[in-house]
Enquirer: 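This is the structure, below, for whatever I ask next.
Treat the numbers as computed from the prediction; the structure is a model and nothing was measured.
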Amino acid sequence: MVLASPDPYILDLPAARALFGGLAEARTEIAAAAYLARDGRLLGMRHMHGAHADMVDIPVRWVVADALTFGAAAVVMAHNHPSGDPTPSAADRAATRRLLVALEPIEVRLVDHLVLARHGTASFRSLGWL
């Protein structure tokens with residue numbers, strides 16, 4: 001699902017957590033991408049549901065295509081861990097690297113990748129991985 005909204009601004013980690021917070025309670029893994037203008041204004045979002053309860057692939061092609069469609073300057077990725085543990089997995093780190101590499105040629109910045117769970121949130125940026 002793709003939503004367009006010209007109003008909200010995502011300027012910091014608390015704003016991003018508020019935007020994606022509902023993912024933490026989901027029983028299956030869901031990924032979401034928020035597409036931002038240069039000033040942090042939310043241009044649109046896409047939620048991606050996985051075929052498995054405990055895994056979701058981040059479709060890099062979709063994220064790049066949406067970034068171009070929205071004319072985004074930046075993207076914030078998020079997904080949940082239904083287990084309750086927000087610790088990023090090796091697969092999470094690999095997917096983030098693939099996305100970072102794919103966004104670079106189109107000059108779109110990956111602002112953060114959040115992993116949300118009942119027991120907290122992990123921020124790739126805060127961990128020094130972005």
Side-chain angles (χ1 to χ4, degrees):
M1 167 172 44
V2 177
L3 303 174
S5 175
D7 298 327
Y9 285 77
I10 309 303
L11 301 175
D12 54 21
L13 185 55
R17 279 188 188 130
L19 179 67
F20 295 115
L23 295 178
E25 299 300 322
R27 294 178 185 250
T28 59
E29 216 167 288
I30 301 169
Y35 302 93
L36 308 177
R38 290 201 189 291
D39 62 0
R41 183 172 35 93
L42 180 64
L43 300 171
M45 290 184 71
R46 180 189 290 267
H47 288 76
M48 299 153 260
H49 299 266
H52 307 283
D54 62 347
M55 185 181 109
V56 63
D57 288 321
I58 296 174
V60 173
R61 291 176 62 170
W62 285 7
V63 176
V64 170
D66 286 348
L68 291 169
T69 298
F70 286 117
V75 173
V76 178
M77 279 302 306
H79 79 282
N80 66 318
H81 279 180
S83 68
D85 179 2
T87 305
S89 67
D92 295 340
R93 291 181 77 173
T96 302
R97 281 191 298 273
R98 284 192 307 273
L99 185 56
L100 191 62
V101 167
L103 291 171
E104 185 179 13
I106 63 167
E107 299 177 350
V108 173
R109 179 174 173 240
L110 182 59
V111 175
D112 208 341
H113 182 169
L114 304 175
V115 181
L116 300 110
R118 287 185 308 280
H119 302 298
T121 301
S123 159
F124 277 56
R125 176 130 338 255
S126 294
L127 290 167
W129 297 344
L130 284 176

Enquirer: Determine the minimum heavy-atom distance between Ala26 and Pro82, stating which atoms define it.
Expert: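 That would be O-CB, 3.8 Å.
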
Enquirer: Taking the side chain as every heavy atom from C-beta outward, state whether Leu36 and Leu43 have any atom pair closer than 4.5 Å.
Expert: no

Enquirer: Measuring from atom CZ of Arg38 to atom CZ of Arg41, what distance do you get when rounded to the nearest 0.5 angstrom?
Expert: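 If I round to the nearest 0.5 Å, the distance is 12.0 Å.
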
Enquirer: Less than 3.5 Å apart, any donor N or O on the side chain of Thr87 or Asp85 sitting next to an acceptor on the other?
Expert: yes

Enquirer: Taking only residues two or more places apart in sequence or in another chain, which ones pass side-chain hydrogen bond (donor to acceptor under 3.5 Å, both in side chains) with Thr96?
Expert: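 Once residues adjacent in sequence are excluded, the partners of Thr96 under the side-chain hydrogen bond (donor to acceptor under 3.5 Å, both in side chains) criterion are His113.
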
Enquirer: Can you sort out the partners of Thr69 under side-chain hydrogen bond (donor to acceptor under 3.5 Å, both in side chains), two or more places apart, ordered by chain and number?
Expert: none

Enquirer: How would you list, by chain and number, every residue that makes a side-chain hydrogen bond (donor to acceptor under 3.5 Å, both in side chains) with Asp92, sequence neighbours excluded?
Expert: His79, His81, Ser89

Enquirer: Measure the spacing between CG of Leu68 and CD1 of Ile106 and express it to the nearest 0.5 Å.
Expert: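 Result: 4.0 Å between the selected atoms.
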
Enquirer: Return yes if some donor-acceptor pair links the side-chain N/O of Asp112 with the main-chain N/O of Arg125 below 3.5 Å, else return no.
Expert: yes

Enquirer: Restricting to non-hydrogen atoms, name the atom on Ala117 and the atom on Pro86 that form the minimum distance, rounded to 0.1 Å.
Expert: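 Closest pair (atom of Ala117, atom of Pro86, distance): CB-N, 3.7 Å.
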
Enquirer: Report the C-alpha separation of Phe124 and Arg93 in whole Å, then their side-chain angles, then the decisive distance to 0.1 Å, and conclude whether the side-chain contact (heavy atoms from CB on, under 4.5 Å) test is met.
Expert: CA-CA 9 Å; Phe124 277 56; Arg93 291 181 77 173; 4.0 Å; yes

Enquirer: In this structure, would Val108 and Trp62 fall into the same cluster of hydrophobic residues linked by side-chain contacts under 4.5 Å?
Expert: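 They do share one cluster, since a chain of ILVMFWY contacts under 4.5 Å joins Val108 to Trp62.
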
Enquirer: For the backbone of Ala73 and the side chain of Arg109, can you confirm whether one donor and one acceptor N or O come within less than 3.5 Å of each other?
Expert: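 No: the side chain of Arg109 does not pair with the backbone of Ala73.
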
Enquirer: Within this structure, what is the CG-CG distance for the pair Asn80 and Leu116, rounded to the nearest 0.5 Å?
Expert: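 Going from the CG atom of Asn80 to the CG atom of Leu116 covers 7.5 Å.
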
Enquirer: Evaluate the side-chain contact (heavy atoms from CB on, under 4.5 Å) criterion for residues Arg98 and Ile58: first the C-alpha distance (whole Å), next the side-chain angles of each, then the deciding distance (0.1 Å), finally the verdict.
Expert: CA-CA 9 Å; Arg98 284 192 307 273; Ile58 296 174; over 6 Å; no

Enquirer: State plainly whether one hydrophobic cluster holds both Leu130 and Leu127, where clusters connect Ile, Leu, Val, Met, Phe, Trp and Tyr through side-chain heavy atoms under 4.5 angstrom apart.
Expert: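 Yes, because Leu130 and Leu127 connect within a single hydrophobic cluster, where side-chain heavy atoms sit under 4.5 Å apart.
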
Enquirer: Which atom pair, heavy atoms only, marks the closest approach of Met77 to Ala33?
Expert: SD-CB, 3.5 Å

Enquirer: Find out whether Phe70 and Arg46 are in side-chain contact, i.e. whether some heavy atom of one side chain is under 4.5 Å from a heavy atom of the other.
Expert: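 Result no, sub-4.5 Å side-chain heavy-atom pair not found.
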
Enquirer: Are side-chain heavy atoms of Val76 and Phe20 found at a separation under 4.5 Å?
Expert: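 Yes, close enough: below the 4.5 Å cut-off.
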
Enquirer: If you take all heavy atoms of Leu19 and Ala34, which pair is closest and at what distance?
Expert: CD2-CB, 3.8 Å

Enquirer: So which heavy atom on Ala67 is nearest to which on Tyr35, and how close?
Expert: N-CE2, 3.6 Å

Enquirer: Please give me the minimum heavy-atom distance between Pro59 and Met48, naming the atom from each residue.
Expert: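 For Pro59 versus Met48, the nearest heavy atoms are CD-SD, 3.3 Å.
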
